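Right, one structure below, let's go through it.
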Amino acid sequence: MNENFFALLESHFPADRSQCGIETLHGVHYTWDDLERGTAQIANLLASLKLPPGARVAAQVEKSPEALLLYLATLRAGYVFLPLNTAYREAEAGYFFDNAGPSLIVCDPANLAWVSRVARETCRAIVLTLAADGASGTLIDEAQRQPVEFQTVPRAADDLAAILYTSGTTGRSKGAILSHRNLSSNALTLHDYWSWSADDVLIHALPIFHVHGLFVAAHGALLAGARMLWLPKFDASEVIGLMPTATVFMGVPTMYGRLLAEPAFGEDVCANMRLFVSGSAPLLLETFREFQERTGHTILERYGMTETNMLASNPYDPNHGGRLGGTVGMALPGVSIRVVDDRGNLCAPGEIGGIEVHGPNVCLGYWRAPEKTMEDFTPDGWFKTGDVGRFGGTTAGVKAPPSYLTIVGRNKDLIITGGFNVYPKEIEGFIDALPGVAESAVFGVPHPDFGEAVIAAVVARPGSVLVEAEIIKLLKQQIANFKVPKRIHVVPELPRNVMGKIQKNVLKQTYSE
Ligand code: MLC
Ligand code: AMP
């Protein structure tokens with residue numbers, strides 16, 4: 001049997017392939033036939049490039065239906081997909097090219113010059129382009145000359161399907177290696193658990209370089225043979241405009257906050273909807289409750305990671321239990337979750353500890369980093385999430401059943417801002433390298449829109465004068481803008497404990513306002 005995940009998706013395409021699979025904001029329809037033929041043409045192109053077995057295909061392109069086809073075609077051709085955040089600048093992208101060694105890079109035509117140069121210096125990949133409109137670029141020009149049929153390349157369940165980079169605590173990103181089994185097991189589980197059907201219509205407004213948009217949302221619709229309303233990016237009023245014709249929406253908490261900020265958003269708009277899913281960052285209980293009051297719908301919060309895909313979910317089916325705000329629900333079928341203390345002993349319900357997970361969804365490890373893989377997996381093969389939580393206990397005055405997981409914090413120095421992860425260590429490295437900077441500390445503070453905002457405290461070298469706006473400007477030239485601190489505080493010294501360790505909790509308290 002061919003375990004290629006694309007083969008599974010294709011086997012679920014509707015019998016009538018003239019139906020619409022993807023519809024854009026401009027009313028352009030992509031039928032299931034179009035998806036079939038479009039992926040065949042790109043897969044034929046990839047095959048004609050004679051990439052080596054296991055080749056990585058990196059994509060740093062704006063969101064378009066063709067960008068999704070590129071992902072699907074890479075799987076179909078038996079290669080490994082490597083999506084990159086479009087906000088990454090040269091230095092960041094260079095690291096990924098060097099580390100992952102892609103054989104092909106697809107980039108926006110506007111970035112062709114620097115991507116080609118960096119590719120020459122790092123991985124010597126072939127470079128093709130795909131424009132934001134999806135209709136032009138050398139990838140499309142060349143794919144259009146290819147046959148519209150392609151025999152999906154056989155893959156084994158443990159063969160690699162994708163590498164998704166996730167920030168590392170040491171300041172360097174690590175690539176989670178995901179197999180065809182990782183993708184198919186989770187997609188099938190969520191298909192059943194969230195009761196997907198061919199009648200669903202998904203509003204797809206998430207970026208497609210992360211697990212949430214590329215896997216959870218897109219796989220859900222594709223596996224159901226359901227239609228996607230495809231937005232290039234999230235825009236609250238556009239989403240509200242589409243909602244009366246849709247049934248499913250998935251978003252990060254920032255998106256729910258922005259929907260609620262729109263006076264037009266309410267019960268009428270949501271009358272046709274059956275499911276709202278939130279994840280990637282903690283959903284505030286106030287947002288959960290306000291949403292219930294305004295729309296009559298209860299957001300379903302779920303929990304996942306790049307390395308593991310989805311782990312836990314509040315129930316869809318009320319027969320399995322209620323959706324409890326502040327919790328991430330129960331371990332998904334086939335996924336095991338345990339909460340352990342510092343010595344690895346299981347915590348009793350209500351006790352807080354480190355969250356560890358196990359299952360067919362958990363990645364095979366980190367790309368070319370066996371030492372990091374060793375660090376993050378226990379000797380008995382469980383993955384240490386770096387999140388801290390408890391089963392059961394009382395959340396916001398409501399006693400949760402012992403099967404419900406609540407995330408109470410993280411034991412990794414990580415900021416989640418609008419659903420994007422920022423590792424302070426990486427940003428501190430960039431700030432410390434700026435002229436006149438002696439040292440810095442980067443931390444997160446609560447933010448009404450992004451949940452958390454990145455903030456820095458910076459100490460000047462003797463004789464230097466640091467200016468906030470100047471530092472921000474220099475950082476914007478080097479790193480993705482969501483990583484750039486929203487505020488920089490120039491301070492005479494950083495607070496330290498008796499051991500000399502910087503007290504980020506003190507900084508957080510001082511600058512939370
Ligand atoms: C944009 N900006 C951000 C930001 N997004 N700053 C901090 N955090 C963010 N998330 C910057 C912009 O560059 C701009 O900076 C300024 O903030 C205002 O931009 P905006 O126009 O308001 O932002 P917008 O483009 O609307 O983006 C907001 C957003 C987006 C929430 C729609 O961030 C987004 O799509 N987030 C989803 C992330 C996601 O998919 N995460 C899933 C990870 S998977 P300037 O300086 O240019 O003005 C994962 C596993 C799991 O975690 O469980 O799912
Ligand atoms: P990433 O590395 O980008 O995949 O982010 C994964 C991290 O996002 C997890 O380890 C959690 O810290 C966080 N996360 C995902 N979903 C939730 C959620 N529903 N509630 C709280 N944190 C979440």
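On a predicted model such as this, the values are computed, not experimentally measured, just so you know. Counting starts at 1 for both ligands and their atoms, following the listed order.
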Whether R323 and E301 form a salt bridge (side-chain N of Lys/Arg under 4.0 Å from carboxylate O of Asp/Glu) is what I want to check. no
Cationic N near anionic O, under 4.0 Å, D159 to R181: no
In terms of side-chain geometry, is the basic nitrogen of D380 or R338 positioned less than 4.0 Å from the acidic oxygen of its partner? yes
Subset of ligand 2 atoms that lie under 4.0 Å from at least one heavy atom of P282: 20 (N), 21 (C), 22 (N)
Minimum-distance protein heavy atom relative to atom 12 (O) of ligand 2: D387 OD1, 2.6 Å
Does only the side chain of K412 get under 4.0 Å from ligand 2, or the backbone, or both, or neither? Count heavy atoms. side chain
Would you mind telling me if ligand 2 is within reach of the side chain of N421, the backbone, both or neither, using heavy atoms under 4.0 Å? side chain
Does E452 pair with R410 as a salt bridge, N-O distance under 4.0 Å? yes
Closer than 4.0 angstrom, basic N to acidic O: yes or no for D413 and K504? yes
Select one of side chain, backbone, both or neither to describe which atoms of A281 lie under 4.0 Å from any atom of ligand 2, heavy atoms only. backbone
For each nitrogen or oxygen atom of ligand 1, which protein N/O atoms lie closer than 3.5 Å, and how far apart are they, rounded to 0.1 Å?
{"from": "ligand 1", "atom 1": "6 (N)", "to": "K486", "atom 2": "NZ", "distance (Å)": "2.8"}
{"from": "ligand 1", "atom 1": "8 (N)", "to": "T417", "atom 2": "O", "distance (Å)": "3.3"}
{"from": "ligand 1", "atom 1": "8 (N)", "to": "T417", "atom 2": "OG1", "distance (Å)": "2.8"}
{"from": "ligand 1", "atom 1": "10 (N)", "to": "T417", "atom 2": "O", "distance (Å)": "2.8"}
{"from": "ligand 1", "atom 1": "13 (O)", "to": "N481", "atom 2": "OD1", "distance (Å)": "3.2"}
{"from": "ligand 1", "atom 1": "13 (O)", "to": "N481", "atom 2": "ND2", "distance (Å)": "2.8"}
{"from": "ligand 1", "atom 1": "17 (O)", "to": "K486", "atom 2": "NZ", "distance (Å)": "3.3"}
{"from": "ligand 1", "atom 1": "22 (O)", "to": "R258", "atom 2": "NH2", "distance (Å)": "3.1"}
{"from": "ligand 1", "atom 1": "25 (O)", "to": "K233", "atom 2": "NZ", "distance (Å)": "3.0"}
{"from": "ligand 1", "atom 1": "26 (O)", "to": "R258", "atom 2": "NH1", "distance (Å)": "2.8"}
{"from": "ligand 1", "atom 1": "36 (N)", "to": "G418", "atom 2": "O", "distance (Å)": "3.0"}
{"from": "ligand 1", "atom 1": "41 (N)", "to": "G419", "atom 2": "O", "distance (Å)": "2.9"}
{"from": "ligand 1", "atom 1": "46 (O)", "to": "K476", "atom 2": "NZ", "distance (Å)": "2.7"}
{"from": "ligand 1", "atom 1": "53 (O)", "to": "R302", "atom 2": "NH1", "distance (Å)": "2.7"}
{"from": "ligand 1", "atom 1": "53 (O)", "to": "G304", "atom 2": "O", "distance (Å)": "3.2"}
{"from": "ligand 1", "atom 1": "54 (O)", "to": "S280", "atom 2": "OG", "distance (Å)": "2.6"}
{"from": "ligand 1", "atom 1": "54 (O)", "to": "R302", "atom 2": "NH1", "distance (Å)": "3.3"}
{"from": "ligand 1", "atom 1": "54 (O)", "to": "R302", "atom 2": "NH2", "distance (Å)": "2.7"}

Return the closest protein heavy atom for atom 19 (N) of ligand 2 as residue, atom name and distance. R302 O, 2.7 Å
List ligand 2 atoms under 4.0 Å from M305, heavy atoms only on the residue side. 4 (O), 6 (C), 9 (C), 10 (O)
Atom 16 (N) of ligand 2: the protein heavy-atom neighbour that sits closest, reported with distance to 0.1 Å: S280 N, 3.2 Å
Angle class for the Y95/Y165 ring planes (parallel below 30°, perpendicular above 60°, tilted otherwise)? perpendicular
Would you tell me whether D200 and T247 have side-chain atoms, one donor and one acceptor, within less than 3.5 Å of each other? yes
Please determine whether any non-hydrogen atom of G386 lies less than 4.0 Å from an atom of ligand 2. no
For I416, take its heavy atoms, then give the atoms of ligand 2 lying under 4.0 Å from any of them. 8 (O), 12 (O), 13 (C)
Would you call D235 and R258 a salt bridge, taking side-chain N to carboxylate O under 4.0 Å as the test? no
Output, in order, the C-alpha distance, side-chain angles, deciding distance and verdict of salt bridge (Lys or Arg N to Asp or Glu O under 4.0 Å) for K483 and E426. CA-CA 9 Å; K483 295 183 190 171; E426 184 194 6; 3.1 Å; yes
Between the side chain of T373 and the main-chain N/O of A369, is any donor-acceptor distance below 3.5 Å? yes
Any salt bridge linking R289 with E293? Criterion: basic side-chain nitrogen under 4.0 Å from a carboxylate oxygen. no
Below 4.0 angstrom from a heavy atom of E301, which ligand 2 atoms are there? Numbered from 1 as shown, please. 18 (C), 19 (N), 20 (N)
For T166, the atoms of ligand 2 under 4.0 Å from one of its heavy atoms are 2 (O)
For atom 15 (C) of ligand 2, what's the nearest protein heavy-atom neighbour? Residue, atom name and distance, please. G304 O, 3.3 Å
For the pair E23 and R227, find out whether any cationic side-chain nitrogen is under 4.0 Å from an anionic carboxylate oxygen. yes
